[in-house]
Amino acid sequence: MTAIDKKSVIQELERIAVYLEIKGENAFRVSAYRKAAQALEQDERSLAELEDPSVLNGVGKGTAGIIDDLVKTGSTELLDQLKAEIPEGLIPLLKLPGLGGKKIGKLYQELNITSAADLKKACEEKQVRDLSGFGAKTEEKIYQELEDMGKRPERLPVSAVLPAVADLNSALDAIEEVDRFELAGSFRRGRETVKDLDYIISTEYPGEVGERLLSMEKVSAVISSGKTKISLELQYDDVIVPVDFRMVQDESFATILHHFTGSKDHNVLMRQRAKNNGEKISEYGVEIEATGEMLHFASEAEFFSHFDLPWIPPEVRNGTTELEEAETYVDLVSINDIQADLHMHTTWSDGAQSIEEMVEACRNRGYSFMAITDHGKFLKVANGLSDERLQRQHEEIRQLRTAYDDFDVFTGIEMDILPDGTLDYADDVLKNIDFVIASIHSSFNQDENTIMARLETACNHPQVAMIAHPTGRLIEKRPGYRVDVDRLIQKAYETGTILEINANPNRLDLSAAWAEKAQAAGVKIAVNTDAHRYEMLDHMELGVKTARRAKLKKENVVNTWTAAQLKAWLTSTDE
DNA sequence: GCCGTTTTCGGCCCGACTGTTTTCAGTCG
């Protein structure tokens, strides 16, 4: 038996890095521990399977020894020393913007500050401003940050920044001096939470563009404002959205887009590759070190091509294996492959539009088929369909679809799996429905076995085509019910049940990590919006980003298929 | 602390902005 689990080992390595940072240690030594923690995290193997950690890139003899200590005893000498030397209360101070290890070290050594409370007092007594490297302005800023500490979340769910994205896109569209712009950063990479929004802007007139940005309506604070870089905070009700803008000349657009798309670790990989070629990547281009010549690129594709790589999708730029795997991303699912949305609601239950309105909206998006899947009778709060209303609705759908020869509308239902594990409709009702979704909306607090029994009952039913939002989580709001996802994936594979990536930005459920595992196990995935009104159909893009993060191939995403292919597959998996 | 097809030392991705300085360190992404 080991003294601690893998997650704890990773945390302890990160803790060592933080302590060393405050101690003012060499920055490369600090980042070495961070890198080791990351290498451990990204390796699939358990501690037991990973006999010698130093085989990992970034873990050398020293850190391997520390890992070994942690595994065997739960502690290690270095960490014990650091704990004795540095007060634990200093660690949260690293989170304050503008305070890094060096400055915290100074506060500790010269003012004997050991906690947030000490620091606040020192600011009030105006002691901080007298330290070299600090000043009155810094002191005031620190004081304000301490006041605000803990008031705002570190990362925002994508759903929280969508209004800001919409506003910023139209604001930038309206600025004449902007030649083109793009939203980069973790939003472009399709992460489910973001720290800020990173906009890159091509312009010949950064001064004018900057002025316009600073005068935008929702600006609540200016964090920094230079010649080519501006950082703002926008306020939307109680949500504060930090935004960075970087302005460049158009010739540098591709390289700055790449740079600010990140991830940081991906950039490190690319820069290392460039260095091996005697070249240097910056935001502005690629410099040939021997001659000093600066190369520019018309597109990201050209930029990658310069390094003998195909264009690497932003969603997989994790700084892990994407350079080696670059050739395998050609058949990644993309938004243009999507033929259908298979989960949505209408006025028949809790949606805002009629069947016909939703059908028209989907046709206009260029889809070739869709499914109407209102809530079942169990969900009374959502005006779920009784047996009788269900029949009538499906009759209406069958009538409607005769009007189209180029578009198919599946009859469907989002049927609850009841708390007692039974299904909401009888077999003879289900057998006439084209696309039956099963999902859990109740009794989230049941134990794992009960939840799994519910999900397995649904998978086992020949008429159930798909499990919607399989874990029930809401990002940053609730964890979901107690589902053993590995077991669900296995069951879905055995029964030919599709698992959903629900594209709603509050859900993104399955997550990318689980969807990747599902694909590896041979499970088919559907990316659906679960739209309750027109605009929510737009969420497809976020769902597809999640699918791409999961490295899903087009062939494994059923709503890239034709209606006929999906129908044939559904029939073949009935048992 | 890690690493090596310039390999056991000397680098480690690169640049903008701020606040403090008066040429730059620290922080950040």
Side-chain angles (χ1 to χ4, degrees), chain A residues 13 16-17 19-39 53-67 78 93-107 128-142 145 184-187 189 194-200 206 210 222-232 242-248 252 255-256 258-287 289-290 294 319:
Chain A
L13 290 174
I16 290 174
Y19 274 119
L20 290 174
E21 197 172 11
I22 291 177
K23 221 185 138 190
E25 263 288 348
N26 179 304
F28 296 110
R29 188 178 171 211
V30 173
S31 72
Y33 282 103
R34 292 226 164 89
K35 200 176 166 198
Q38 209 175 16
S54 70
V55 298
L56 297 177
N57 190 21
V59 180
K61 250 188 178 164
T63 313
I66 286 174
I67 293 171
L78 173 62
L93 299 183
L94 268 177
K95 291 227 158 89
L96 295 176
L99 278 190
K102 296 246 169 71
K103 286 200 162 145
I104 291 173
K106 194 162 224 165
L107 289 166
V128 173
R129 62 181 61 191
D130 295 333
L131 295 180
S132 76
F134 292 76
K137 226 166 169 174
T138 309
E139 185 182 82
E140 282 158 26
K141 200 172 150 231
I142 290 173
E145 294 292 348
S186 47
F187 190 94
R189 299 203 314 280
V194 298
K195 200 158 72 66
D196 61 8
L197 299 174
D198 295 295
Y199 275 92
I200 54 155
V222 177
I223 305 304
S224 73
S225 168
K227 284 199 286 290
T228 62
K229 181 186 166 193
I230 292 180
S231 300
L232 305 174
V243 192
D244 284 347
F245 300 92
R246 288 296 294 265
M247 290 170 277
V248 289
S252 295
T255 34
I256 201 157
H258 176 261
H259 177 82
F260 281 100
T261 296
S263 63
K264 212 191 278 187
D265 294 326
H266 168 82
N267 290 350
V268 170
L269 289 184
M270 289 301 293
R271 284 170 184 212
Q272 281 164 348
R273 175 179 278 236
K275 219 172 165 71
N276 294 339
N277 294 351
E279 295 170 342
K280 195 172 82 176
I281 299 176
S282 79
E283 290 99 306
Y284 303 105
V286 173
E287 186 185 332
E289 287 179 318
M294 183 69 96

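In the text below, chain A, chain B and the rest are named by the order of the sequence lines, each starting its count at 1. All values below were derived from every heavy atom in this structure, side-chain atoms included, with hydrogens, water molecules and symmetry-related copies excluded.
A 3.5 Å limit on both hydrogen-bonding distances identifies no Watson-Crick or G-U partner for dT8(B).
Taken to the nearest 0.5 Å, the CZ atom of F260(A) stands 13.0 Å off from the CZ atom of F245(A). The structure places CG of L99(A) at 12.5 Å from NZ of K106(A), a figure rounded to the nearest 0.5 Å. A distance of 10.5 Å separates CG in D244(A) from CD1 in I230(A), rounded to the nearest 0.5 Å. Here the straight-line distance linking atom NZ of K264(A) with atom NE2 of H259(A) works out to 9.5 Å at 0.5 Å rounding.
Here, dC13(B) and dT23(B) have their P atoms 29 Å apart, quoted to the whole Å. Separation of the C1' atoms belonging to dC12(B) and dT6(B) is 16 Å when rounded to the nearest angstrom. Going from the C1' atom of dC9(B) to that of dC14(B) covers 23 Å, rounded to whole Å. Comparing dG10(B) with dG15(B), their C1' atoms sit 23 Å apart, to the nearest whole Å. Rounded to a whole angstrom, the distance from the C1' atom of dG29(B) to that of dT21(B) is 24 Å. Taking atom C1' in both dC3(B) and dT7(B), the straight-line distance is 9 Å, to the nearest Å. Rounded to whole Å, the P atom of dA16(B) lies 23 Å from the corresponding atom of dG11(B).
Counting non-hydrogen atoms under 4.0 angstrom, L96(A) reaches the backbone sugars and phosphates but no base. Using a 4.0 Å heavy-atom cutoff across all strands shown, N57(A) reaches sugar-phosphate atoms only and no base atom. Within the nucleic acid shown, V59(A) comes within 4.0 Å of sugar-phosphate atoms alone, with no base atom in reach, counting heavy atoms only.
Side-chain atoms of T63(A) never come within 3.5 Å of backbone atoms of G60(A) as a donor-acceptor pair (strictly under, hydrogens ignored).
The CG atom of L13(A) sits 13 Å away from the P atom of dG1(B) (whole-angstrom rounding). Whole-Å rounding puts the L78(A) CG to dG1(B) P distance at 8 Å. What separates CD1 of I256(A) from C1' of dG29(B) is a distance of 12 Å, to the nearest Å. Rounded to a whole Å, the CZ atom of R273(A) is 15 Å from the C1' atom of dT5(B). Straight-line distance from the CD1 atom of I16(A) to the P atom of dC2(B): 11 Å, rounded to whole Å. Whole-Å rounding puts the D196(A) CG to dT27(B) C1' distance at 15 Å. At whole-Å resolution of the value, NZ in K23(A) and C1' in dG1(B) are 14 Å apart.
Side-chain N/O atoms of K103(A) include none lying less than 4.0 angstrom from OP1 or OP2 on dG26(B). Dashed line: the shortest gap from a side-chain N or O of K195(A) to OP1 or OP2 of dG29(B) is under 4.0 Å. Proximity of N26(A) to the phosphate of dG1(B): no side-chain N or O atom is located under 4.0 Å from OP1 or OP2.
Considering every non-hydrogen atom in both M270(A) and I281(A), the closest pair reads O-CD1, 3.5 Å.
For the pair R34(A) and E21(A), the salt-bridge criterion is met [side-chain N within less than 4.0 Å of a carboxylate O].
Under the side chain to side chain contact (heavy atoms under 4.5 Å, CB included) rule, S186(A) has a single partner from L197(A), D198(A), V194(A), T261(A), which is V194(A).
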I'd like to compare against my own output: the B/S/- annotation of nucleotides 13-23 of chain B with a strict under-4.0 Å heavy-atom distance to protein.
BBSSSSSS---
